[in-house]
Amino acid sequence: MIQVYNTLTKTKEAFETLEPGRVGMYLCGPTVYKPSHIGHMVGPVIFDAITRYLEYNGYEVRFIVNITDVDDKIIAESAARGMTMAALADEMTADYQANLAALGVDTISAFPKATEHVGNIIAFIEKLIAQGFAYPADGDVYFDVSKFAEYGKLSGRSPKDMLGEGGLTAGQKRNLADFALWKAAKAGEPAWESPWGPGRPGWHIECSVMSQQLLGDTFEIHGGGLDLVFPHHENEVAQSECCTGKPYVKYWMHNGLMQASSEVGKLGGRNTREAEAGDLASQEDGKISKSKGAGAFREMLAEFPGETIRFFVLSTHYRRPIDFSTERIRQVETGLETFYRFFKRFQRVTGASFYALDYAAGRAAEDALVAGFAGDFLTWIREKRTGFLAAMDDDFNTGGGIGELFELVRHLNRFVDENKLEGMAEGPEKVKLVATLVDGTRILRGLSATLGLFQKEAVKAEDAAAEDLLVQGLMTLLIELRANAKKAKDFATADAIRNQLKELGVTLEDRPGGTEWSRG
RNA sequence: GGCGGCAUCGCCAAGUGGCUAAGGCAGUUGAUUGCAAAUCAACCAUCCCCGGUUCGAAUCCGGGCGCCGCCUCCA
């Protein structure tokens, strides 16, 4: 049974869908006015893993991430760049989606754009006005929070903290906390015709409208960063529940925010806020979404493989804040190498690729597979799998799950060691042992797939180099020369070859089956 | 000021009433190796402080100190 922490109730609840086997999930996506930074990637990685895990559990998941492509910031930035809002939005959307692809985030069903739903937005607003929940004022339209008795239920705020002392406290708004559903266009701004004159949608309304269009009036999961609880999600609840008279979302899931040390600014390249003289805050640590120096994610990708960043994000529980630093990601990378080395070893021993390994399609099929496991080794594997699933069932505890994955790979390695599988002569005994190793490895493959890890072999620069025939030939030659030296007990020469290659960034490892080389 | 969250080994991080407090990084020792690398094995914390509840608490309650987020655009 999967348990989910719900921000609305502040408790973990049993996960139950409205319709059997089907999950609607909506995640607030980016406002596309500048290249995405690491903070924008946290939610998609987490909810991609959640989607995979739900699918593993037999659910069909419709996962929506919206693109806010009309907004004050986009208008300002595109004007500054001398391009149209649409052109800027397209460019930044492409950047966002390329970053997601690099992280292996590919479970998103659709990326609806606000500008594609303006007609639906207008209809939604008209309905709210007709029911008395919203009011036009001089070309703008506002939501009247005093009309929704439950306003504040998600964020835990009391309405009287937010409502003004009665009266028109803030310009045309009736209450201080009222928020814009529709904004009148100023001269020269992009605008759509509406019953209230030319204008554009407010920020909050698009999510209510697009989620309704794609997922229905009520759906299972709405995700987003913790910083969106108020006012964005609170406002969504108000708009949607007033519009439909039905509950909006069953489970509100909020991820902790990525914190960054100042080095992110350096890493991502040149703090764009440096021009702000005296803004020391931009040099300090803190939440990175305030343009405090978070560099473009694309530049981070030049430094670290997408999978390393994904592994880093998933190595802790999603509700915790997570601190990014180069040192931490290096540590995680070192740990990841353990898996990659095992995959190579698996290939040496079995002749098959870990990545191409068949694995059970879903939890039920895997349960059946594992039920047939016998012997100390496979029984141990089965227990680790149980631990992994217990962690994931408990509010998608990917950090706990990854711990089990590390234990799994250790036991797989031990099995190879204890049975001296590397360098073992071909024969019936080896066939039998390899079959057992494959059975165990299949579980690692299947479980890590639920996190979206190890889906395909990372293509690194070193692999490209390895394909170079000249390099291949030279390495074969050097390894052979060194083998001859070793055979002649000329260890000085053998070590000289190894040490000098090391300085060139090439590592030699002597294995029972011969010498392996790698770069990096 | 209001609301909320977090404090677990040198660093990161699971664990939310009861066996020996996961796992990763770093470190020490051993097996293996000509030496390495890799791998395996062993070792490495009583859980911010004080008080309480309980047969029993890292886990619950109260107080304190500290850090963080939201309250304004933000994943």
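Residue numbering restarts at 1 for every chain, and letters A, B, ... go by the order of the sequence lines. Predicted model only: the values in this text are computed from it and were never measured.
- Distances shorter than 4.0 Å separate none of the side-chain N or O atoms of S155(A) from OP1 or OP2 on C3(B).
- For R310(A) and D48(A), the salt-bridge test passes: some basic side-chain N is under 4.0 Å from an acidic carboxylate O.
- You'll find the ring centres of Y248(A) and F219(A) inside the 6.0 Å limit.
- Listed pair R328(A) / C11(B) fails the phosphate criterion, with no side-chain N or O lying under 4.0 Å from OP1 or OP2.
- Look at the C1' atom in both U54(B) and G62(B): the space between them is 16 Å, to the nearest Å.
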If you restrict it to nitrogen or oxygen atoms, what contacts under 3.5 Å exist between nucleotides 59-62 of chain B and the protein, and what is each distance?
none

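- For S78(A), the side chain to side chain contact (heavy atoms under 4.5 Å, CB included) partners are M83(A), M85(A), L88(A), not counting sequence neighbours.
- Separation of the F324(A) and F312(A) ring centroids falls under the 6.0 Å cut-off.
- Within a heavy-atom distance below 4.0 Å of RNA chain B, the residues of residues 375-398 of chain A found are N397(A).
- For the salt bridge (Lys or Arg N to Asp or Glu O under 4.0 Å) test, no residue two or more places apart in sequence or in another chain qualifies with R414(A).
- For R330(A), the salt bridge (Lys or Arg N to Asp or Glu O under 4.0 Å) criterion is met by E333(A), not counting sequence neighbours.
- The two atoms that bring I121(A) and I205(A) nearest to each other are CG2-CG2, 3.8 Å, heavy atoms only.
- Taking only side-chain nitrogens and oxygens, R330(A) never comes nearer than 4.0 Å to OP1 or OP2 of A26(B).
- Y26(A) meets the ring pair (Phe, Tyr, Trp, His ring centres under 6.0 Å) test with H222(A); sequence neighbours excluded.
- A distance of about 12 Å separates the P atoms of A57(B) and C47(B), rounded to the whole Å.
- Contact between the side-chain N/O atoms of R320(A) and the OP1/OP2 oxygens of A7(B) is found at a separation under 4.0 Å.
- Residues that satisfy the salt bridge (Lys or Arg N to Asp or Glu O under 4.0 Å) test with R200(A), not counting sequence neighbours, are D72(A), E189(A).
- Here N413(A) reaches the OP1 or OP2 of C40(B): one of its side-chain N or O atoms lies under 4.0 Å away.
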Listed pairs, N/O of protein and of nucleotides 17-20 of chain B, under 3.5 Å:
none

Cut-off 3.5 Å, no hydrogens considered: what does the side-chain donor-acceptor table look like for residues 493-501 of chain A, sequence neighbours left out?
residue : atom : partner : partner atom : Å
T493(A) : OG1  : D490(A) : OD1          : 3.1
T493(A) : OG1  : D490(A) : OD2          : 2.5
N499(A) : ND2  : D495(A) : O            : 3.2

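- Regarding contacts with the backbone of U39(B), every side-chain N or O of R414(A) stays at 4.0 angstrom or more from both OP1 and OP2.
- The gap from the C1' atom of G15(B) to that of G34(B) amounts to 46 Å, rounded to the nearest Å.
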Quiz item: Which letters describe nucleotides 32-37 of chain B, given B = protein heavy atom under 4.0 Å from base, S = only from sugar-phosphate, - = neither?
Solution: --BBBB

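- Near RNA chain B, meaning a heavy atom under 4.0 Å away, there are no residues from residues 5-14 of chain A.
- In this structure, G223(A) reaches neither bases nor backbone, as no heavy-atom distance under 4.0 Å exists between it and the strands shown.
- Under the 3.5 Å distance criterion, with hydrogens and angles disregarded, no donor-acceptor pair is assigned to the side chains of E383(A) and T379(A).
- Pairs of residues two or more places apart, or lying in two chains, never qualify as salt bridge (charged side-chain N to carboxylate O under 4.0 Å, His left out) while including a residue from residues 444-453 of chain A.
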